[in-house]
Amino acid sequence: MPPVVCTARASYKKAAGVLELTAEHLQWTPLGKAAPAVRVPHAHAASLFCSKEGAAQVRLKLGLLHDDAGHNFTFTAPPPAAHTERERFKKELTAIISRNRAQDAPAPAPVPTPRPVAPLPASRRSTPVITGNDPAADFRLRRIVLVANPDLAQLHRDLVIGGQITEEEFWDGREHLLLAQAAAEAQKRGKSGQLVDPRPEAVDGGEIKIRITPQLVHDIFDEYPVVAKAYTENLTEESFWKRYFQSKLFNAHRASIRSTATQHVVKDDPIFDKYLEKEDDGPSAPLPRVSADPSRQA
């Protein structure tokens, strides 16, 4: 039999008996009986209520895990012994209920361990700027994207505000979200009537160069979705632009600019030629991620 922690004379439903708290149960046994009529395991104890100080009857109510009505006991010893006994039960039961609540409380979610972030190449340590070299505009785009994506905003608070990674490291790999936001804003404002026209530049030796910037890449993909499709499906970025600017597809896009089209070498290309029959003015797919270097040339 478990050891008794405390005991007292108490009535239950107006019947006299003995209330006992053991290491495993709270139990009440009617006078003259051997077996308890009430037996409550510690794990079922959920709440505790007591009568006010100075009340005519010294009472204790134990609420159960699945039964708020629980059990009511009245301590029947002469005062002040009844109050002293009740306080002893109250202290022990309060500790039991606190342990039960601590065990039932959900475990705190583990803090995710940030994955190691590899050092970024110098050419990729800043987010491609769609609206020009304007930190305020770049900050505004990032803020809009975070407001629209609560989960991403929470991750930003955990990693960046929490000091685990830098702002640039957080946005590396998420440039497509900023591109999409910038493109959506540009669509709302309405497109310009001027076609995208990459201007060739003559360099030493008579070779023709076209300077590729992030804005030019964005404009080409936005104006000609089929080019964005070719970019995502086929070539590496290293060879993509050189072959595109020498392809029939690029020449077709420049058909309205006859004055400079004759300066351009046009070659057959098995990759780009198959896109000649595709529609260029359909709904745009999401712009692919591009890390164009403003100083790179094709």
Donor-acceptor check, side chain of Asp273 to backbone of Asp269, threshold 3.5 angstrom: yes or no?
yes

List in chain and number order the residues that pass salt bridge (charged side-chain N to carboxylate O under 4.0 Å, His left out) with Lys248, two or more places apart in sequence or in another chain; answer none if no residue qualifies.
Asp268

Any donor-acceptor N/O pair, Glu175 side chain to Gly173 backbone, under 3.5 Å
yes

If you link ILVMFWY side chains whenever their heavy atoms are less than 4.5 Å apart, which other residues fall into the same cluster as Leu31? By chain and number, please.
Val18

How many angstroms lie between NE2 in His176 and CG in Leu178, if you round to the nearest 0.5 Å?
9.0 Å

Between Cys6 and Phe89 the two heavy atoms that sit nearest each other are O-CZ, 3.6 Å

Going by side-chain hydrogen bond (donor to acceptor under 3.5 Å, both in side chains), name the pairs with one or both residues in residues 85-97, residues two or more places apart or in two chains.
Ser51-Arg86

Looking at every heavy atom in both Pro30 and Ala35, which two are closest together, and how far apart are they?
CD-O, 4.0 Å

What residues form a side chain to side chain donor-acceptor pair (under 3.5 Å) with Lys33, not counting sequence neighbours?
none

Under the side chain to side chain donor-acceptor pair (under 3.5 Å) test, residues paired with Arg143 that sit two or more places apart:
none

Are Val38 and Leu26 connected in the hydrophobic side-chain network, where two residues link if heavy atoms are under 4.5 Å apart?
yes

Listing request: all ring pair (Phe, Tyr, Trp, His ring centres under 6.0 Å) pairs with a residue in residues 39-71, at least two apart in sequence or in separate chains.
Tyr12-His71

Between Ala77 and Ala82, what is the shortest heavy-atom contact and its length?
O-CB, 3.2 Å

Please tabulate, for side-chain N and O atoms in residues 54-61, each donor-acceptor pair with protein atoms closer than 3.5 Å (sequence neighbours left out).
from	atom 1	to	atom 2	distance (Å)
Gln57	OE1	Arg59	NE	3.0
Gln57	OE1	Arg59	NH2	2.2

Are the side chains of Leu21 and Ile96 in touch, meaning some heavy atoms are under 4.5 Å apart?
yes

Between Ala10 and Trp28, which heavy-atom pair has the shortest distance, and what is it?
O-NE1, 2.9 Å

Counterpart residues, salt bridge (charged side-chain N to carboxylate O under 4.0 Å, His left out), relative to Asp151 (two or more places apart):
none

Nearest 0.5 angstrom please: Thr29 OG1 to Glu20 CD, how far?
5.5 Å

When every non-hydrogen atom of Phe75 is compared with those of Leu19, the smallest separation belongs to CZ-CD2, 3.9 Å

Specify the closest pair of heavy atoms between Leu62 and Ser47, including all atoms of both residues, with the distance to one decimal.
CD1-O, 3.4 Å

At what distance, to the nearest 0.5 angstrom, does CG of Asn72 lie from NZ of Lys14?
12.5 Å

Applying side chain to side chain donor-acceptor pair (under 3.5 Å) to His83 and not counting sequence neighbours gives Glu53

Common cluster, Val4/Phe73, ILVMFWY with side-chain heavy-atom separation under 4.5 Å:
no

Pairing residues for Leu177 by the side chain to side chain contact (heavy atoms under 4.5 Å, CB included) criterion, not counting sequence neighbours
Val145, Leu152, Arg174

Could you tell me whether the side chains of Glu167 and Trp171 share a donor-acceptor contact shorter than 3.5 Å?
yes

Roughly how far, to the nearest 0.5 Å, is CG of Leu159 from CD1 of Ile165?
4.5 Å

For Ala95, the side chain to side chain contact (heavy atoms under 4.5 Å, CB included) test, sequence neighbours excluded, returns Arg99

Which residues pass the side chain to side chain donor-acceptor pair (under 3.5 Å) test with Thr84, not counting sequence neighbours?
none

